[in-house]
2 protein chains.
Amino acid sequence: MTDLSSHVHDAARRSRSAATTLRSVPRATKDAALHAMADAVVERRDEILAANALDVDGARAAGTSDHIIDRLRLDADRISQMADGTREVAALADPVGEVVRGSTLANGLLVRQLRVPIGVVGMIYEGRPNVTADAAAICLKAGNAVLLRGSGSAGRSNAAIAEILRDAVASVGLPADAVQALDASDRSSATALMRARGLVDLVIPRGGAGLIQTVVTQSQVPVIETGTGNVHVYVDADADLDMALEIVLNSKTQRTSVCNAAESVLVHKAVADELLPRLVPALRARDVTIHGDAAFAAHDEAVVAATEEDWETEYLSLDLAARVVDSFGDAVEHIRRYSSGHTEAIVTRSLATAQRFTEAVDAAAVMVNASTRFTDGGELGMGAEIGISTQKLHARGPMGLTEMTTTTYVVTGDGHVR
Amino acid sequence: MTDLSSHVHDAARRSRSAATTLRSVPRATKDAALHAMADAVVERRDEILAANALDVDGARAAGTSDHIIDRLRLDADRISQMADGTREVAALADPVGEVVRGSTLANGLLVRQLRVPIGVVGMIYEGRPNVTADAAAICLKAGNAVLLRGSGSAGRSNAAIAEILRDAVASVGLPADAVQALDASDRSSATALMRARGLVDLVIPRGGAGLIQTVVTQSQVPVIETGTGNVHVYVDADADLDMALEIVLNSKTQRTSVCNAAESVLVHKAVADELLPRLVPALRARDVTIHGDAAFAAHDEAVVAATEEDWETEYLSLDLAARVVDSFGDAVEHIRRYSSGHTEAIVTRSLATAQRFTEAVDAAAVMVNASTRFTDGGELGMGAEIGISTQKLHARGPMGLTEMTTTTYVVTGDGHVR
């Protein structure tokens with residue numbers, strides 16, 4: 001194992017220098033860079049595809065599963081999507097310079113809290129090489145330099161994309177080091193990135209639970225935790241059952257491999273006899289395997305008996321844990337115990353119950369009579385997102401451009417002293 | 001060394017339960033608790049003073065310096081100040097429930113981002129027992145349960161204060177476990193608090209650089225870093241020199257032991273010949289020891305030659321590092337190199353220069369023609385503060401009630417699916 005820490009430190013110092021320049025670059029220049037980036041990934045598509053083919057060959061030779069290879073593989077469409085995503089970021093408002101709060105104090109001091117870039121952002125991610133372009137675009141628009149540490153298996157793809165982005169950034173007169181891909185050939189580059197206090201201001205992990213756990217427990221640089229979603233839909237005694245059926249089906253099956261997909265359904269006993277005979281076959285018709293309690297099992301012999309593990313699991317597949325609860329309070333207790341704090345949903349016609357649920361449940365997003373799939377930066381009108389935070393500090397829920405900034409108090413006086 | 005981790009875990013579980021209740025307590029009840037807390041520390045002053053006397057005796061027997069003992073010692077006045085501080089928190093608006101952002105999306109979904117409590121907050125602090133009451137009041141008003149881990153030397157004082165606060169909280173029907181003091185008899189309780197991921201949502205260290213460094217590098221719970229202030233005042237070529245003199249003197253000498261006191265002054269060479277003959281004697285007249293460069297030394301033989309260490313040091317005393325710089329750019333470079341990102345000040349009459357300084361300097365607060373001593377929650381009109389954050393995530397600068405909350409997206413639909 002080589003030690004990549006000096007490689008990371010050198011890169012981080014160059015990032016810091018680039019970040020110093022980016023702090024005061026006007027929006028027009030940043031948008032010009034983003035359009036140049038979008039144009040360049042399309043124009044130089046063949047370079048990316050050639051590098052990606054080598055990564056795919058390598059992954060196949062290493063016996064990687066088809067599922068993972070599919071995430072790794074790029075084609076012309078996926079590259080167009082990268083470019084489109086970058087152009088969408090260019091179209092978003094610049095958060096830098098926004099006056100968050102402002103007032104004139106009794107003594108005449110003028111206080112303004114201004115949005116400013118964070119500085120140097122480290123991304124540690126797995127699989128999909130499109131994250132390289134997405135993260136670079138969001139970080140640059142918010143005035144930050146980014147250090148991209150993708151997975152080793154996508155190393156050639158990420159390096160090719162980053163090189164093209166760097167050229168594009170430089171073409172508008174901004175420092176190429178605003179975007180840097182780190183050598184991911186062994187773990188030491190991730191470790192060094194997590195230890196680079198003073199050089200790196202923030203690390204964002206994106207990937208599976210193992211990666212995120214490693215980063216949040218080992219990092220000495222502040223981290224924003226993303227992703228794990230053990231998401232529940234609670235069907236209340238006062239639910240509209242047609243609506244409940246649609247929301248459960250959509251939350252579970254519209255896309256299964258994402259963090260905002262439902263993993264458990266809790267049904268109030270008052271509506272169980274009416275809902276389950278409709279819900280169980282509808283789920284089965286969409287190939288969902290139900291891991292249910294006795295009440296669910298009574299409706300279909302294909303229901304698998306749920307264990308403690310089922311309540312805890314983020315399946316990310318066509319599996320659903322299912323339970324009938326005796327009361328609203330039992331539903332809340334279950335959610336409090338097993339929720340990962342990502343998204344929790346209630347279906348109810350009762351305003352009071354909706355309000356109580358919103359107050360009682362501690363999650364990044366609470367859905368009332370809506371699918372859990374709406375916890376998404378694009379769906380919530382924030383534009384591009386760099387991840388969904390499941391922690392409570394700094395950013396909670398979808399993280400867009402605003403969440404990639406910090407603030408400074410600017411206090412202007414006329415010789416004021418205490 | 002005993003292992004206090006099970007003590008900490010038990011307390012944290014009780015905190016979590018209390019926090020669940022506190023989430024939805026209305027302001028009036030929280031304010032009633034705060035007034036009961038203020039009344040109780042005054043009424044039961046003798047219990048606090050008796051416990052404090054034992055702590056002071058213990059510290060004296062251990063050979064603790066007079067300076068530290070003075071910070072540890074309580075008297076009737078200091079206890080009244082605790083009560084006043086608690087009542088001031090009661091008078092502040094409740095941040096919980098504030099709608100931070102809200103909109104109705106094109107598809108009719110109603111999106112609101114609401115302020116909610118963080119949950120369980122751990123405080124790790126040194127010295128002054130008044131932090132026990134201050135932190136408890138701010139945490140409770142923002143709907144959080146607090147775990148107080150003060151220094152071992154103040155253990156009896158903190159335990160007595162916490163016991164009184166708990167009784168007061170319970171007297172209005174709220175859970176006493178909203179406020180808990182941890183056994184501080186050895187380090188293991190601090191370590192356990194920093195490792196209690198999942199039970200504790202946030203740890204805030206308050207104290208010297210060593211304590212803060214330990215917490216930020218070892219904690220697995222998210223941390224807000226507070227405090228170190230290597231603060232500069234830059235006197236620009238376009239400065240009003242009368243104003244510059246007053247601002248430097250006030251920033252350095254109004255109170256020296258605090259993080260927003262100035263530690264270095266940088267003077268543009270264009271005004272050095274005029275300013276230094278006034279500034280050097282004025283600082284000397286206030287017993288300031290100047291650690292200066294050759295230009296400063298030329299004005300007074302009592303100026304000590306500055307070393308690299310002086311530029312890096314947060315003196316917290318009547319010492320000041322002082323340098324003449326050749327240009328605005330040199331001043332910014334010096335500040336970028338040595339600043340701890342707390343407060344930086346410029347004295348100038350030039351609007352353009354003030355603007356360039358604000359853009360170039362990356363700090364929690366930038367003062368233009370005002371004393372650095374204004375970086376303070378009370379001075380900036382935020383009311384009580386729990387510390388001054390010098391990190392970029394979540395909170396930067398003085399942390400008041402707003403900074404002790406997080407947010408939830410509440411999304412209300414009418415059967416919306418994707």
Side-chain angles (χ1 to χ4, degrees), chain A residues 20 23-24 103 105 109 111 113-114 116 118-119 197 201-202 216-217 220 222-224 240 242-243 246-247 249-250 254 336 354 358-360 362-371 373-375 379-381 391-394 396-398 406-418, chain B residues 20 23-24 103 105 109 111 113-114 116 118-119 197 201-202 216-217 220 222-224 240 242-243 246-247 249-250 254 336 354 358-360 362-371 373-375 379-381 391-394 396-398 406-418:
Chain A
T20 298
R23 277 180 69 80
S24 43
S103 60
L105 303 182
L109 271 181
V111 181
Q113 187 182 18
L114 293 182
V116 297
I118 289 175
R197 273 191 80 80
D201 295 298
L202 164 64
V216 296
T217 55
Q220 297 184 353
V223 171
I224 296 181
D240 174 322
D242 294 336
M243 188 188 288
E246 289 308 310
I247 287 174
L249 291 174
N250 187 263
Q254 198 252 349
R336 278 192 187 141
T358 302
E359 281 177 9
D362 192 14
V366 177
M367 298 288 156
V368 178
N369 297 333
S371 169
R373 293 274 295 118
F374 284 107
T375 305
E379 293 295 326
L380 295 185
Q391 67 171 29
K392 294 179 179 176
L393 292 199
H394 186 72
R396 200 174 189 207
T406 181
T407 60
T408 294
Y409 284 97
V410 177
V411 181
T412 307
D414 183 31
H416 286 65
V417 294
R418 282 179 69 180
Chain B
T20 299
R23 277 181 68 80
S24 43
S103 61
L105 304 182
L109 273 181
V111 181
Q113 188 182 18
L114 293 183
V116 297
I118 289 175
R197 274 192 79 80
D201 295 298
L202 165 64
V216 295
T217 55
Q220 297 185 352
V223 172
I224 297 182
D240 175 320
D242 293 336
M243 187 187 288
E246 288 308 311
I247 286 175
L249 291 174
N250 188 264
Q254 198 254 350
R336 278 194 186 139
T358 302
E359 281 177 9
D362 192 14
V366 177
M367 298 288 157
V368 178
N369 296 334
S371 169
R373 292 275 295 119
F374 285 107
T375 305
E379 292 295 326
L380 296 186
Q391 67 171 31
K392 295 180 178 176
L393 292 199
H394 188 72
R396 200 174 189 207
T406 181
T407 60
T408 293
Y409 284 98
V410 176
V411 181
T412 307
D414 184 30
H416 285 65
V417 294
R418 282 179 68 178

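Every chain is numbered from 1, with letters handed out A, B, ... down the list of sequences.
Of the two parts of A/Val116, only the side chain, counted from C-beta on, holds a non-hydrogen atom closer than 4.5 Å to a non-hydrogen atom of chain B. Both the backbone and the side chain of B/Asp362 have a heavy atom closer than 4.5 Å to some heavy atom of chain A. Of the two parts of B/Leu380, the backbone and the side chain both hold a non-hydrogen atom closer than 4.5 Å to a non-hydrogen atom of chain A. Within the 4.5 angstrom heavy-atom criterion, only side-chain atoms of A/Leu109, from C-beta onward, approach chain B. Only the side chain of A/Arg197 comes within contact range of chain B, with heavy atoms under 4.5 Å apart. At a 4.5 Å heavy-atom cutoff, the contact between B/Arg373 and chain A is made by backbone and side-chain atoms alike. Residue contact with chain A, scored on non-hydrogen atoms closer than 4.5 Å, is absent for B/Ala354. For B/Arg418, the parts sitting under 4.5 Å from any heavy atom of chain A are the backbone and the side chain alike. Proximity to chain B (any heavy atom under 4.5 Å) is shown, for A/Val410, by both the backbone and the side chain. With a threshold of 4.5 angstrom between heavy atoms, B/Ile118 approaches chain A through its backbone and through its side chain.
Taking CD of B/Glu246 as the reference point, atom NE2 of A/His416 lies at 13.5 Å (rounded to 0.5 Å).
Inspection of the B/Arg396 and A/Thr408 side chains reveals an N or O donor paired with an N or O acceptor under 3.5 Å.
A 4.5 Å side-chain heavy-atom check between A/Val411 and B/Val366 finds every atom pair outside the cut-off.
Looking at every heavy atom in both residues, B/Tyr409 comes nearest to A/Pro398 through CE1-CD, 4.0 Å.
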